[in-house]
Amino acid sequence: QHNTKTYQYEDYKETADWILAQTNQRPKVAIICGSGLGGLADLLEDKTVFPYESIPRFPTSTVQGHAGKLVFGKLQGRECVCMQGRFHFYEGYDMHTVTYPVRVFSLLGVETLIVTNAAGGVNEAYSVADIMLIKDHINMPGFAGQNPLCGHNDERFGVRFPCMSDAYDRRLRDLAKQTAAEQGCGSFLQEGVYCMLAGPTYETIAECRFLQTLGADALDGTPELMS
Ligand SMILES: O=P(O)(O)O[C@H]1O[C@H](CO)[C@@H](O)[C@H]1O
């Protein structure tokens, strides 16, 4: 379990080059679909679909409800790539493997990453089925040395100590709020602090209280946000 794999720039490049050779689509936006959100990928037009197991070096989904397909296509006329199913630390994958696709996306030319997940709310003002835009995060496994950026740093992917104070683009968050209002979703859109946990248990009552005290609004296990 969690035998940490190390990947070189060339590994990510091999995966990206394979994908680029299979499709003419060059999306600037990638969407990672969390539990229950894979249906979004089905809405794409002019789809090209790659099962994860067909992609060189790509991990495979082992979780129910995560289809395990990379779907290229157009959403509202804009090219994008959707991960229909994501990987989780609790499946036994190390952090580098869970976040492997994110570096591949950057080598495909993706500039905007939208990460979604089915999280548990601990903010008592929230209601079930609210949507929370992430404005900041607390990376609990990161405090224990489980950060996807640990290990050799290849500057082609970014600096050794990235600044995290503006990790969640304000312009994109404003756009999301404006769009939610236009679509009539404004009443159940929240904006809050996301807390990354390892799973696979849900939290005890004492742990939820502890995390609330720390300032967390919602909990789940999505290290792609930190990669
Ligand atoms: O983060 P996503 O992929 O939405 O999945 C989350 O939802 C499931 C738990 O309810 C777990 O798989 C958890 O990780």
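Whatever order the structure lists ligands and atoms in, that order sets their numbers, starting from 1.
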Ring-plane angle category for Tyr7 and Tyr12, please: parallel below 30°, perpendicular beyond 60°, tilted otherwise. tilted
Gly34 heavy atoms, cut-off 4.0 Å: which ligand 1 atoms fall inside? 3 (O), 4 (O)
What residue among Val110, Leu70, Ile19 forms side-chain contact (heavy atoms from CB on, under 4.5 Å) with Val104? Ile19
So for ligand 1, is Thr116 a polar contact partner (N or O within less than 3.5 Å, distance only)? no
Considering distance alone, does some N or O of Tyr202 sit under 3.5 Å from an N or O of ligand 1? yes
Classify the contact between Asp220 and ligand 1 as side chain, backbone, both or neither, using a heavy-atom distance cut-off of under 4.0 Å. side chain
Residue selection (non-hydrogen contact nearest atom 5 (O) of ligand 1) among Cys33, Gly199, Ser35: Ser35
Can you tell if the side chain of Tyr194 reaches within under 4.5 Å of the side chain of Asn139, non-hydrogen atoms only? no
Evaluating non-hydrogen atoms only, which member of His88, Met83, Glu91 is closest to atom 3 (O) of ligand 1? His88
May I ask you to check if ligand 1 and Ala118 share an N or O to N or O distance below 3.5 Å? yes
Taking the six-membered ring for Trp, are Phe87 and Tyr52 parallel (under 30°), tilted (30 to 60°) or perpendicular (over 60°)? tilted
Does Leu149 belong to the same Ile/Leu/Val/Met/Phe/Trp/Tyr cluster as Phe89, with side-chain heavy atoms less than 4.5 Å apart forming each link? no
Residue pairs passing the side chain to side chain donor-acceptor pair (under 3.5 Å) test where at least one lies in residues 161-172, sequence neighbours excluded: His137-Tyr168
